[in-house]
Asks: 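Here it is, the structure, as structure tokens.
Within every chain, numbering begins at 1; the chains are lettered A, B, ... in the order of the sequence lines, protein sequences first and strands thereafter. Every value quoted in this text rests on a predicted model; they were computed, and no experiment measured them.
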Protein chains: 2
Amino acid sequence: MRKKIIGEKIPTDCKQHLKAFNDTLDILNGKWIVMIIGCLAPGKKQFMELQRVVEGIGSKMLSKELQELELNGLIKRSVQDTKPITVEYELTAYGRTLKPIIDEMASWGKQHRERVIKEMTEKNDF
Amino acid sequence: MRKKIIGEKIPTDCKQHLKAFNDTLDILNGKWIVMIIGCLAPGKKQFMELQRVVEGIGSKMLSKELQELELNGLIKRSVQDTKPITVEYELTAYGRTLKPIIDEMASWGKQHRERVIKEMTEKNDF
DNA sequence: CCGCATCCCTGAGGATACTG
DNA sequence: CAGTATCCTCAGGGATGCGG
């Protein structure tokens, strides 16, 4: 069975814009994806290191998300033939092109959170 | 039970950046959310109009997504006391602040799709 | 160390039917 | 017209255990 690289959420061919948006959304949508990207941003890391840093993720999910990222060309996997085999993951240049989007979303989310909290305290709604 | 406005995907308080990102992601994540926003962009619409334009969505989902959007202050709901009651939905100014993000994601997704397709045809991988 | 296989559970989302 | 209620499905994701 082929792996899904490009999502197919939209049934009718309405609005390419939408399809394109959903492609991006699908990629960023994994529960740990962005955290992994963030952890990989400073430099290459091994599987174990990632699992320790991302804390909370199981090996299954980590491996799965890494595969997805690799399929999409966002990270590079390289096997080192050390004693017990080790594997290094690193962000590709292409992977870094996601940063502006992630940052913008984070920025919007930050001000949104502040906005919501302000509203709540004003209305004394809790 | 209180409605969820701000997501709580991240357990430990690691990285505010991440939390902020996920707030935005949660909002945009509904299957129909962006399509609804897109349909509302040109101007106000009624429930039925939306359901017709978005085609494929059921009334349950539409109503649920609209409520979420309203809770987040992205759209405004106004009841008209016409013969059989009608309701109008419209994007708020705040809701429009999402446009840059949506556009950027769509743009990235578009070039990503092209990139993937190009790779596939090159490798003759299918 | 790096994963894959397996089982299980939860929640998003669809179908359908019903009210004001 | 504008929803709400109910039931059902299915894929995302967690826990655990095994093999190279």
Asks: Within this structure, what is the NZ-to-C1' distance between A:K83 and C:dC1, rounded to whole angstrom?
Replies: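 Roughly 12 Å, once rounded to whole Å.
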Asks: Mind telling me whether A:Y94 and B:H112 have parallel, tilted or perpendicular rings, with 30° and 60° as the class edges?
Replies: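 Judged by the thresholds at 30° and 60°, the geometry between B:H112 and A:Y94 is parallel.
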Asks: Just how far, in rounded Å, is C1' of C:dG13 from CG of B:L62?
Replies: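 Between C1' of C:dG13 and CG of B:L62: 13 Å.
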Asks: From the options C:dC2, D:dG14, D:dA5, select the nucleotide whose nearest atom is closest to the side chain of A:K60.
Replies: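 Out of C:dC2, D:dG14, D:dA5, the nucleotide with an atom closest to A:K60's side chain is D:dG14.
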Asks: What is the separation between atom CD1 on B:I57 and atom P on D:dG3, rounded to the nearest whole Å?
Replies: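 Nearest whole value for this atom pair: 12 Å.
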Asks: Return the nearest nucleotide to the side chain of B:W32; candidates are C:dC4, D:dG3, C:dG14.
Replies: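 Output: C:dG14.
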Asks: Side chain of B:T86, heavy atoms from C-beta onward: which of D:dG12, D:dA2, C:dT6 has the nearest atom to it?
Replies: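 Ranking D:dG12, D:dA2, C:dT6 by closest atom to the B:T86 side chain puts D:dA2 first.
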Asks: Indicate whether OP1 or OP2 belonging to D:dT4 is found under 4.0 Å from a side-chain N or O atom of B:Q67.
Replies: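 Checking D:dT4 against B:Q67, a side-chain N or O does come within under 4.0 Å of OP1 or OP2.
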Asks: For the pair made of CG in A:L25 and P in C:dA12, what is the distance, rounded to whole Å?
Replies: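 Going from A:L25 (CG) to C:dA12 (P), I get 15 Å.
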Asks: Rounded to the nearest angstrom, tell me the gap between atom CD in A:Q51 and atom C1' in C:dC4.
Replies: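 In whole Å, C:dC4 C1' and A:Q51 CD are 14 Å from each other.
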Asks: Are any of B:Y89's side-chain N or O atoms less than 4.0 Å away from OP1 or OP2 of D:dC1?
Replies: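 It does not, given that no N or O in the side chain of B:Y89 lies less than 4.0 Å from OP1 or OP2 of D:dC1.
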Asks: For the side chain of A:Q46, starting at C-beta, report the closest nucleotide among C:dC2, D:dC1, C:dC4.
Replies: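 Of all the options, the side chain of A:Q46 is nearest to C:dC2.
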Asks: Between B:T86 and B:T82, is there a side-chain donor-acceptor contact under 3.5 Å, judged purely by atom types and distance?
Replies: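 Side chains of B:T82 and B:T86: pair found under 3.5 Å.
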Asks: Which residue, B:T24, B:T97, B:D23, forms the side-chain hydrogen bond (donor to acceptor under 3.5 Å, both in side chains) with A:W108?
Replies: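 Testing each of B:T24, B:T97, B:D23 against A:W108, the sole residue satisfying side-chain hydrogen bond (donor to acceptor under 3.5 Å, both in side chains) is B:T97.
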Asks: With the side chain counted from C-beta on, respond yes when B:I75 and B:I37 share a heavy-atom pair under 4.5 Å apart, and no when they do not.
Replies: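 With C-beta onward as the side chain, the pair stays apart.
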Asks: Side chains of A:L66 and A:R77: closer than 4.5 Å at any heavy-atom pair?
Replies: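 No, their side chains stay 4.5 Å or more apart.
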Asks: B:D81 CG to D:dC1 P: how many Å, rounded?
Replies: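 Going from B:D81 (CG) to D:dC1 (P), I get 17 Å.
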Asks: Rounding to an integer number of Å, can you tell me how far A:E88 CD sits from C:dG3 C1'?
Replies: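 Distance, rounded to whole Å: 17 Å.
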Asks: Starting from the 5' end of DNA chain D, give me the residue, B:R52 or A:I85, whose nearest nucleotide shows up first.
Replies: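 Nearest-nucleotide comparison on DNA chain D picks B:R52.
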Asks: Starting the side chain at C-beta, find the nucleotide from D:dG12, C:dG13, C:dC2 nearest to A:R77.
Replies: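 Closest nucleotide among those given: C:dC2.
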Asks: Specify the separation, in whole Å, of atom CD of B:Q80 and atom C1' of C:dG20.
Replies: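 In whole Å, C:dG20 C1' and B:Q80 CD are 18 Å from each other.
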Asks: If you look at every strand shown and take non-hydrogen atoms under 4.0 Å, does B:M61 touch a base, only sugar-phosphate, or nothing?
Replies: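 B:M61: base contact, heavy atoms under 4.0 Å.
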Asks: Under 4.0 Å between a side-chain N/O of A:K64 and OP1 or OP2 of D:dG12, yes or no?
Replies: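 No, outside the criterion.
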Asks: The side chain of B:S59 is closest to which nucleotide in this list: D:dC1, C:dA5, C:dA17?
Replies: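 When the side chain of B:S59 is considered, C:dA17 is the closest of D:dC1, C:dA5, C:dA17.
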